Amino acid sequence: MKRDGLLKSIWQDMAPAYQPLNKRQPNKVYDVLIAGAGITGLTTALLLQTQGKKCILAEAHSIGFGTTGGTTAHLNTILDTTYPEIESAFGKDEAKLVADSAKEAIKLIKEIAAANNIDCDFEYKTGYLFAQNEKEEKQLKEIIEAGLRAGIEMEWTEGIPSPIPFTKACAIQQQAQFNIAVYLMGLAKAFEKAGGVILQDCLVDLPDKNNHLVSTSLGNIKAKDTVFATHTPPSVNILHFRCAPYRSYAAAITLNDENYPDGLVYDMEEPYHYFRTYTFNNKSYLIAGGFDHKTGHQENSTATVRQLEAYLKKYYDVKSIDFVWSSQYYIPTDGLPYIGKLPGWDRVYTGTGFNGNGMIFGTLSGKIISDMILKKENRYEGLYSPSRIKPLAGFVSFVEENVDVAKQFISKRFSYEQIDELVKLSNDEAKLVEYKGKRMALYKDDNGQLHALDPVCPHAGCIVVWNNAEKTWDCPCHGARYAIDGSLLNGPSIKGLSKVAIYES
Ligand SMILES: Cc1cc2nc3c(=O)[nH]c(=O)nc-3n(C[C@H](O)[C@H](O)[C@H](O)COP(=O)(O)OP(=O)(O)OC[C@H]3O[C@@H](n4cnc5c(N)ncnc54)[C@H](O)[C@@H]3O)c2cc1C
Ligand code: FES
């Protein structure tokens with residue numbers, strides 16, 4: 001499994017090999033074109049194909065290339081947007097609906113795995129949320145009260161499966177975990193077995209509004225409905241201004257002792273740290289994550305990787321750090337994801353703004369969007385509709401503000417350095433520079449070779465920022481990401497960065 005950066009996730013190492021088999025039939029009109037082979041795209045594709053729709057799934061890179069390949073694969077009914085926050089922004093009934101939908105998503109994953117013989121180590125686990133000071137204790141009390149009102153089974157507990165000191169904690173029943181790599185490849189296999197077609201290395205653009213001719217990097221595809229399961233939809237859409245891209249860091253480590261948690265564990269810091277155990281071939285790993293920041297707002301991502309490692313060594317007896325990686329997610333302005341019709345379009349659908357709960361909301365997107373296309377009623381359709389109008393004040397309105405100020409932030413903080421000699425750059429160093437009147441994103445690789453790119457993001461004109469951990473150029477505005485050679489790694493852009501010719505005098 002390949003991914004959108006240099007660092008390797010634990011799932012990449014243990015993903016079963018899978019090569020799509022079915023071939024596209026030229027000139028065929030498909031019922032549904034699904035763009036993106038992460039959990040959202042493959043769940044949607046499988047649910048539609050097994051209910052009689054003729055589907056084609058087109059992935060810009062390869063299966064699991066996006067955030068699904070870089071997740072930590074906790075399955076939660078307690079979400080990043082807390083139940084007190086959901087109640088205050090949407091109401092008590094809606095909070096209950098959100099809880100129901102999260103439970104349904106976990107059940108659906110279990111059912112899909114069982115129905116398709118996907119041996120993905122799905123296991124129900126208890127979740128633990130712990131406070132470390134009085135302020136957090138107060139928040140925890142509110143979370144438990146609102147959680148119980150929403151129908152989540154949770155209660156105060158005396159102990160947690162973690163050596164990290166805490167003052168108060170709660171246990172949440174019926175959380176779960178699984179191996180996302182095995183599950184994802186299992187979805188792909190089941191989809192193809194049901195007659196679906198998967199195209200890899202196929203970048204999909206928005207369809208023609210009239211006849212649903214979709215232009216892709218492998219030629220046009222005609223489909224009656226199109227689903228952008230691309231984590232963020234392509235082109236410029238209102239949803240890009242309602243979601244802010246963040247990066248989160250994760251590690252899989254081996255311990256000298258047996259302190260692997262039996263359960264899913266979360267602290268309440270901002271951003272929070274999260275823990276689980278994963279056992280593969282009789283070997284256990286502690287998978288931990290945290291240290292999130294807005295995409296393109298961290299000058300030294302490698303330092304963040306080191307911070308995560310140091311944090312783990314502080315609390316655990318670490319034998320080896322086997323994998324460290326980072327990946328991207330999107331925080332929605334009002335706290336809930338956007339799932340359904342892409343605003344401004346008729347037969348085009350999307351799911352985005354999943355926060356750190358995309359295993360749940362990606363699966364739920366598959367269910368909601370497939371029900372919409374199949375003209376079946378779905379009781380969550382209105383709740384998660386991308387066209388909903390909700391009061392933004394109070395909740396994460398700062399996110400929206402941050403999206404708006406991203407341009408200013410970057411122009412102040414990452415200004416161009418005037419250089420008159422390219423040799424001034426060290427190996428493995430990147431900078432935004434102005435050289436001979438040309439502004440460029442310049443990287444000198446380990447062999448001393450220079451890679452010069454136009455730093456203007458083709459999506460909406462922001463300036464990219466170097467991510468030294470993943471060795472990518474990341475756009476701080478809506479999260480598009482580019483490789484050293486300018487090629488596109490992440491939407492919403494559908495073009496890469498242009499190369500700039502440089503001449504030493
Ligand atoms: C470090 C980290 C840990 C996380 N842990 C958890 C967790 O424990 N539990 C949880 O529920 N959630 C978690 N999340 C969130 C979750 O992993 C994501 O929300 C989820 O994987 C998103 O899935 P997706 O299929 O929508 O998107 P992706 O997995 O990103 O898939 C989108 C795919 O679309 C392709 N694509 C993009 N543009 C195009 C185009 N124009 N044409 C064709 N293809 C295109 C991409 O290449 C990609 O493969 C975590 C996120 C991070 C960053
Ligand atoms: S992703 Fe929108 S401007 Fe770069």
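Small disclaimer: the values here were computed from a predicted structure and weren't measured. Because only heavy atoms are used, hydrogens play no part in the values below, and waters and symmetry mates are left out as well, while side chains stay in. Counting starts at 1 for both ligands and their atoms, in listed order.
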Residue, atom name and distance, where the atom is the protein heavy atom closest to [atom]:
atom                    : answer
atom 19 (O) of ligand 1 : Gly358 CA, 3.0 Å
atom 47 (O) of ligand 1 : Glu59 OE2, 2.6 Å
atom 29 (O) of ligand 1 : Thr68 OG1, 2.5 Å
atom 44 (N) of ligand 1 : Ala60 N, 3.0 Å
atom 9 (N) of ligand 1  : His74 O, 2.8 Å
atom 11 (O) of ligand 1 : Met359 N, 2.8 Å
atom 22 (C) of ligand 1 : His231 NE2, 3.5 Å
atom 50 (C) of ligand 1 : Thr71 OG1, 3.6 Å

Numbered atoms and elements of ligand 1 in range of Tyr274, under 4.0 angstrom, heavy atoms: 1 (C), 2 (C), 3 (C)
Numbered atoms of ligand 1 (with element) below 4.0 Å of Ala73, judged on heavy atoms: 7 (C), 8 (O)
side-chain hydrogen bond (donor to acceptor under 3.5 Å, both in side chains) between Ser101 and Tyr384, intermediate numbers included: CA-CA 10 Å; Ser101 72; Tyr384 295 121; 2.7 Å; yes
Is [X] close enough to touch ligand 1? Criterion: a residue heavy atom under 4.0 Å from a ligand atom.
X      : answer
Gly362 : no
Phe361 : no
Gly70  : yes
Gly64  : no

Between Tyr249 and Asp292, a side-chain donor and acceptor under 3.5 Å: no
Thr226-Tyr30 side chain donor-acceptor pair, cut-off 3.5 Å: no
For Asp225, all residues meeting side chain to side chain contact (heavy atoms under 4.5 Å, CB included), sequence neighbours excluded: Val32, Arg347, Tyr349, Ile373
Contact (N/O only, under 3.5 Å) between Thr67 and ligand 1: yes
Ring geometry between His240 and His478 (parallel below 30°, tilted from 30 to 60°, perpendicular above 60°): tilted
Mutual orientation of the aromatic rings belonging to His231 and Phe354 [parallel < 30°, tilted 30-60°, perpendicular > 60°]: tilted
Tally, protein N/O/S atoms nearer to atom 2 (Fe) of ligand 2 than 2.8 Å: 2
Euclidean distance, Lys110 NZ relative to Tyr183 OH, rounded to 0.5 Å: 12.5 Å
Quiz item: cation-pi between Lys313 and Tyr315, 6.0 Å / 45°: no
